Enquirer: 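Before I ask anything, here is the structure I am working with.
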Number of protein chains: 2
Amino acid sequence: MTRNEEMLTASRPALLGAAGDDAAFRRMLHDLLAFSARLEQVRARFAAFIGLTPPQYTILITIRHLQDGEGVGVRQVADHLALSPAFVTQETGRLVQAGVVDKRPSAEDRRRVILTVTEHGAELLRRLAPVQREINDQLFEPLTEQSFGVLQALAAELRESAEQAVRLSDYLIAEGAGAGTGSGQRSK
Amino acid sequence: MTRNEEMLTASRPALLGAAGDDAAFRRMLHDLLAFSARLEQVRARFAAFIGLTPPQYTILITIRHLQDGEGVGVRQVADHLALSPAFVTQETGRLVQAGVVDKRPSAEDRRRVILTVTEHGAELLRRLAPVQREINDQLFEPLTEQSFGVLQALAAELRESAEQAVRLSDYLIAEGAGAGTGSGQRSK
DNA sequence: GCGAGATAGTTAAGTTGTCAAGCTATTTCC
DNA sequence: GGAAATAGCTTGACAACTTAACTATCTCGC
């Protein structure tokens, strides 16, 4: 196996195998990809259960997650989910229509809007809980107390490093730079 | 804190906190959600770099991942990514057009089709590697050799348990069962 | 204290991702 | 040898999501 260093998709030693290869790393990426696709499927089922579309459900639980005490704004929700503010506006509109979210202008900053989950929204999520419990148990069935601890801490860290990574990729892969079929590259 | 057991979204002890609460578990779910949204953003940048759309890129690397020795079929790719075969057919068609994937009928089973990455496709991915390396290092910056080991093994297991979980959710959330807005809603 | 930018959100119009349904060709297996 | 299962393809139709252009408010440097 003439392993070519130039082809590695990661270089940190912690991510490479004994032979300096990235096979395990790649496999992990594909596993994570498949896993998150399944998570999304499950979320779609949850959404259906309470009569929402998948993005609506995702936005609803995000609002609840971020609303601590005071409410949360459109932009914060959009950032957290990596969605455009326009889309979040549109979908929260529907959530308000459905009576599961309340939207009111902020008192201090009148450009802003405060999103909170209504009692009705909370009630729907409460009804979902029993089903969720059963499915989540299955979803994370391989986790032990130990590995849950690791994963739980890691998830928080990875969220942040991934945010950085997106910024880095925007910098490295600027509009037009690329290895496209033939044409030369230009930086912005 | 009158923690109500009925509202928990997980019940396995390994997933609950000292107080029997699911706060950490929920936080983890939101972190994973945000993380995978960022992963998707990064994939979109990778795709752009080699002149493909995000789903095309994802399908391309999945074909490469699964093609070991012999090629891989449409259905296997669809299953791995939780996409419909119809969509995979359509997008692989475009990948063939773009010259990055080869599609030929299987010799043994003439219903089937064998997908492989062409030399040109491999070359594009090779050109992407240096960028990928830098971004992946940032993406997984918090990982140590230890935690990489844990995560790597976990990802493989979670992929399977999640597959089970999707089946379970299909069973539990059958067409029409639900906590919709009051009325028992009939779907078409 | 005042105009130039930045920031929050909305609206409308468009693009892209994705699927369901219906079809053909093959294989399986009773 | 035929019914049922399986692999893939085609077409239409939506749902998900974005970009661009706009309004309203806020923040500062000067």
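Keep in mind that this is a model prediction, so the values were computed, not measured. Within every chain, numbering begins at 1; the chains are lettered A, B, ... in the order of the sequence lines, protein sequences first and strands thereafter.
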Enquirer: In this structure, how many angstroms lie between the C1' atom of D/dT25 and the CD1 atom of A/I114, rounded?
Expert: 14 Å
Enquirer: With respect to the side chain of B/V113, which nucleotide from D/dG8, C/dT10, D/dC26 is positioned closest?
Expert: D/dG8
Enquirer: Donor-acceptor pair, distance only, cut-off 3.5 Å: does the side chain of B/T92 make one with the backbone of B/L95?
Expert: no
Enquirer: Which part of the nucleic acid, if any, lies within reach of B/G93 when heavy atoms closer than 4.0 Å are counted: base, sugar-phosphate only, or nothing?
Expert: nothing
Enquirer: Rounded to whole Å, please give me the gap between CD1 in B/I59 and P in D/dG8.
Expert: 13 Å
Enquirer: Need to verify one output field. Residue with the more 5' nearest nucleotide on DNA chain C, A/V72 or B/Q90?
Expert: A/V72
Enquirer: Tell me the interatomic distance from B/D79, atom CG, to C/dC19, atom C1', rounded to whole angstroms.
Expert: 15 Å
Enquirer: Taking only the side-chain heavy atoms of A/D109 (C-beta and beyond), determine which of D/dT25, C/dG9, D/dA7 contains the nearest atom.
Expert: D/dT25
Enquirer: Report which part of the nucleic acid A/Q76 touches: base, sugar-phosphate, or nothing (heavy-atom distance under 4.0 Å, all strands).
Expert: nothing
Enquirer: Residues of residues 81-88 of chain A with any non-hydrogen atom less than 4.0 angstrom from an atom of DNA chain C: list those, numerically ordered, please.
Expert: A/A86
Enquirer: Just to be sure I understand the rule, does B/T53 reach a base, reach only the sugar-phosphate, or reach nothing, if contact means heavy atoms closer than 4.0 Å?
Expert: sugar-phosphate
Enquirer: Can you see if the side chain of B/K103 gets near the phosphate of D/dA7 - specifically, an N or O under 4.0 Å from OP1 or OP2?
Expert: no
Enquirer: Rounded to the nearest angstrom, tell me the gap between atom CD in B/E108 and atom P in D/dT6.
Expert: 19 Å
Enquirer: Would you say the base of C/dT26 and the side-chain of B/R110 have a donor-acceptor pair closer than 3.5 Å?
Expert: no
Enquirer: Start with the C-alpha distance between B/E119 and B/R126, add both sets of side-chain angles, then the distance that settles salt bridge (Lys or Arg N to Asp or Glu O under 4.0 Å), and finish with yes or no.
Expert: CA-CA 10 Å; B/E119 176 46 34; B/R126 231 174 279 127; 3.2 Å; yes
Enquirer: Quick check for you: to the nearest 0.5 Å, what is the distance between A/D22 atom CG and A/L8 atom CG?
Expert: 5.0 Å
Enquirer: Which one of A/L124, A/V77, A/V101 satisfies the side chain to side chain contact (heavy atoms under 4.5 Å, CB included) criterion with A/L60?
Expert: A/V101
Enquirer: Of the nucleotides C/dT26, D/dG8, C/dT10, which one has an atom closest to the side chain of B/V74?
Expert: D/dG8
Enquirer: Apply salt bridge (Lys or Arg N to Asp or Glu O under 4.0 Å) to residues B/R75 and B/D79 and explain how you reach the verdict.
Expert: CA-CA 6 Å; B/R75 174 138 268 274; B/D79 281 349; 3.5 Å; yes
Enquirer: Give the nucleotide from the list C/dG9, C/dT26, C/dT18 with an atom nearest to the side chain of B/P55.
Expert: C/dT18
Enquirer: Hey, can you tell me if B/H80 and B/H65 have their rings parallel, tilted or perpendicular (30° and 60° cut-offs)?
Expert: tilted
Enquirer: Touch check for B/Q56, heavy atoms < 4.0 angstrom, all strands: base, sugar-phosphate only, or nothing?
Expert: nothing
Enquirer: Is the shortest distance from a Lys or Arg side-chain nitrogen in B/R159 or A/D31 to a carboxylate oxygen in the other one below 4.0 Å?
Expert: yes
Enquirer: Rounded to the nearest Å, what distance is computed from the CZ atom of residue A/R104 to the C1' atom of nucleotide C/dA8?
Expert: 17 Å
Enquirer: Check every atom of D/dG8, C/dG9, D/dC26 against the side chain of A/R112 and return the nucleotide holding the closest atom.
Expert: C/dG9
Enquirer: What integer distance in Å separates A/R75:CZ from D/dT18:C1'?
Expert: 14 Å
Enquirer: Determine, step by step, whether B/E160 and A/R38 satisfy the salt bridge (Lys or Arg N to Asp or Glu O under 4.0 Å) criterion, reporting the C-alpha distance in whole Å, the side-chain angles of both residues, the deciding distance to 0.1 Å, and the verdict.
Expert: CA-CA 10 Å; B/E160 302 201 4; A/R38 306 270 131 70; over 6 Å; no
Enquirer: What does A/E91 touch in the nucleic acid at a heavy-atom separation under 4.0 angstrom: a base, only the sugar-phosphate, or nothing?
Expert: nothing
